[in-house]
2 protein chains.
Amino acid sequence: MAMEDSSEIDRGGTAEAGRPTLKTIAFMTGLGVTTVSRALKDAPDIGVETKKRVQLVARQVGYRPNRAGVRLRTGKTNVISLVLNTDEQLMGFISDIIYGVSAELANSPYHLILTPYSSRNDPMDPVRYVVETHSADGIIISQTEPNDARVRYMSEHGFPFATHGRTHMGVEHPWHDFDNHAFALEAVKTLAARGRRRLALLAPPPGYTYHQHTRDGFAGGLAETGASEASLGDTWIDQPVERIRERALSLLREGSRPDGLVCSSGTGAFALAAAIEDAGLVLGRDVDVVTKQSSKLVQMVRRDLIVVNEDFRLAGRELARAVIASIGGADARGLQTLALPGAVEGPARG
Amino acid sequence: MAMEDSSEIDRGGTAEAGRPTLKTIAFMTGLGVTTVSRALKDAPDIGVETKKRVQLVARQVGYRPNRAGVRLRTGKTNVISLVLNTDEQLMGFISDIIYGVSAELANSPYHLILTPYSSRNDPMDPVRYVVETHSADGIIISQTEPNDARVRYMSEHGFPFATHGRTHMGVEHPWHDFDNHAFALEAVKTLAARGRRRLALLAPPPGYTYHQHTRDGFAGGLAETGASEASLGDTWIDQPVERIRERALSLLREGSRPDGLVCSSGTGAFALAAAIEDAGLVLGRDVDVVTKQSSKLVQMVRRDLIVVNEDFRLAGRELARAVIASIGGADARGLQTLALPGAVEGPARG
DNA sequence: TGTCCAAACTGTAACGTTACAGTGATGATA
DNA sequence: TATCATCACTGTAACGTTACAGTTTGGACA
């Protein structure tokens, strides 16, 4: 505090290797910090000229609000938390969601923080942590269950969130989902149109909501086309590919083997294709496979697969949009989006 | 401040729906906030009994330090930023790094924030942003170049970071890398041992350090085995699979076609395998392909591929460890790790 | 008895921000 | 000319934490 009165000295500038703060700008413009703060956020009660001047100076010194200051004062973190299960083996998938969320957050004040958990722990842990410590303003979760404890918890706490997948628990909340019912239904009809009469489904694991949606669509397709079902038993897309392959192989070796397969993941479809070869059959001739794919890669590798695209980047964008709107206080019912399956793409009928 | 003296009232408790703070515990224990703060971090000058009592109460009320408060006061963010290129198409890869980093951060005070950028922007942008706004204590970057502007910038600013991939610019810094030289060298030797004499390399894009490492290893292998090279021209693993497939197809149709291929990504290997089929050749009989894979999936889908595993979860863990140590002031030279390629795994010689 | 020291604890200020309750001007109205 | 409203701006306090500079207590020592 020496040299108090030598007003030419540029104290308050970017000296001391410190970033400029509101104080810096206040000093440079001769205004009070409050005025500067309000001028920068275009609040009322500030003269037009003053606003311009303050904003100019702020740009010149490269002012960026200190997030910790804002957060401490306002309680707003400007953070969205994406809760992830790190045991996830499904291909590409997660990164596309992340990229979609990122893209949407890029033009917002929000930062994206990842809150991982492993299946060995309680899925509630990360959610509870974020809500209790208020380390984010909103949460995105996936692997949603029909009666989801996390959804109940966040709803009861009035904490903004969006889910990838629907629930069936009488609670309205923001969600984005892919229409797996329509996918499975169309898949069965496509197979039936190719003359396939005995079909099997490699579904998502039970417990998740989209397992039931997929099964229902599949069952609906069977009813509509009169095709019969061959069951893969307790085999789901989240299992190791080796296991899927073994189970599919034994099914394909049975007397009444399926001639059409519906699959909920590209990875699973690879395993099915491998099993078909193992069984000495030819994909596209003896058996057709309809699968979801999240990247063009699946069909590139196995052109004999029939594919339906599921856009996970879109899912990420929608989820980010929904959770931001929810933080803003929007009504949940307007924040529910269903992605319809794209066209069924496959090789010409063999 | 009414009812000052009715000491039975549990003011300062978790009332008002607010989280407990140091003040809460101070009130409950009858101590000062400073004492509570010091007791919780096991600082000197605090009695043993007091520490125990404070820690007990803290646990009982579920005290969690307010990150914004700590951050504002200390300047420490307790955040690690992972800078990602969201144009990345490579399979699975990114999520494994993220999971690896997450796993390592799980038992640390650090949160993981993702700072994405697209190739349309300057790769320096996200790095500059984090350093300027001090929105993290350390940065992890990938896609490292031999002379990397980001590395130079962070070094000059004394900002802690770790890179996935090495540099060659006379600056010591923390890094983790996969030994792509050894991979390519072993790949060529493996092919030569199978009698392959004319080899092509599908390499990482030029510009990145590991492009050169891979090329050098490949060239070394050629020299050692006396095999000749067939060039794929300007084709790299980051290009669309369709393009890789086309280019590989035209090379395979040339008179002096390669009988062995070395590939730096599983995705690329799929494209090569497809091209081999396009050319009417048989993988494993007419042509062998050695590729890196980041998940077992690659070889499951195409068992006729010869694979070498690259563990990206390990990379994530090492990078997190390195950047944390670097934040702690450790010397960069002790924070450089090289992952050696795993065993070459392939089908029996055909 | 007085001095000194260590141990154990405390109050104040500050990090950067914003909500709130002002304060002076200026000009319009009665 | 007094009153009142409006405009443009300001100071203070507080969010939760920790660094720093104390203060109190009790005992050891001369």
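Chain naming here is simple, since letters A, B, ... match the order of the sequence lines and numbering starts at 1 in each. Excluded from the calculations below are hydrogen atoms, water molecules and symmetry mates; all remaining heavy atoms, backbone and side chain alike, are included.
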* Return the value, rounded to whole Å, for the distance between atom CG of B:L22 and atom C1' of C:dT10. => 14 Å

* To do: Kindly give the heavy-atom pair with the smallest separation between B:N78 and B:K76, and that separation in Å.
  => OD1-NZ, 3.2 Å

* Can you check the B:R38 CZ to C:dT12 P distance for me, whole Å? -> 18 Å

* Are any of the side-chain heavy atoms of B:Y63 and B:L40 separated by less than 4.5 Å? -> yes

* Asked: Is the closest side-chain heavy-atom distance between A:T29 and A:T50 below 4.5 Å?
  -> no

* Asked: So, is B:S37 near the phosphate of D:dT18, with a side-chain N or O under 4.0 Å from OP1 or OP2?
  -> yes

* Go through C:dT18, D:dC15, D:dT18 for me and flag the one nearest to the B:R73 side chain. => D:dT18

* To do: Ignoring hydrogens and angles, tell me if any N or O in the side chain of B:R313 forms a donor-acceptor pair with the backbone of B:Y99 under 3.5 Å.
  => no

* Asked: Are B:H173 and B:S155 close enough that a side-chain donor and a side-chain acceptor fall under 3.5 Å?
  -> no

* Asked: Whole Å only: how far is the NZ atom of A:K23 from the C1' atom of C:dT18?
  -> 15 Å

* When you measure from the side chain of A:T21, which nucleotide among C:dT18, D:dT10, C:dG16 comes out closest? -> C:dG16

* How are the rings of B:F93 and B:H164 set to each other: parallel, tilted or perpendicular (split at 30° and 60°)? -> tilted

* To do: Using a cut-off of strictly less than 4.0 Å, decide whether A:T35 has a side-chain nitrogen or oxygen near OP1 or OP2 of D:dT10.
  => yes

* To do: Round to the nearest Å and state the distance from A:R19 atom CZ to C:dG16 atom C1'.
  => 9 Å

* Structure fact -> Taken to the nearest whole Å, CG/A:N66 to P/C:dA14 is 17 Å

* Indicate, with a heavy-atom threshold strictly under 4.0 Å, whether B:G32 touches base, sugar-phosphate, or nothing. => sugar-phosphate

* Asked: Closest nucleotide of DNA chain D for B:L72 versus for B:T34: which of these residues is on the 5' side?
  -> B:L72

* Would you say the side chains of B:H111 and A:S135 form a donor-acceptor pair under 3.5 Å? -> no

* To do: Take the C1' atoms of the five end pairs on each side of the helix from C:dT1-D:dA30 to C:dA30-D:dT1, get both axes, and report the angle to 10 degrees.
  => 70°

* Separation of C:dC9 C1' from B:D42 CG (nearest whole Å) -> 16 Å

* Establish, from distance only, whether the side-chain atoms of A:S119 and A:D87 form a donor-acceptor pair under 3.5 Å. => yes

* Atom-to-atom span, NZ of A:K76 to C1' of C:dA19 - whole angstrom -> 17 Å

* Asked: Between B:G69 and B:G30, which is nearer to the 5' end of DNA chain C once each is assigned its nearest nucleotide?
  -> B:G30

* Asked: Any side-chain heavy atom of B:I141 within less than 4.5 Å of one from B:V151?
  -> yes

* Mind calculating the distance between CZ (A:R67) and C1' (C:dC15) to the nearest angstrom? => 17 Å

* Between A:T86 and B:S102, does any side-chain donor sit less than 3.5 Å from a side-chain acceptor? -> no

* Residue-level proximity of residues 44-52 of chain A to DNA chain D when a heavy atom falls under 4.0 Å -> A:D45, A:I46, A:G47, A:T50

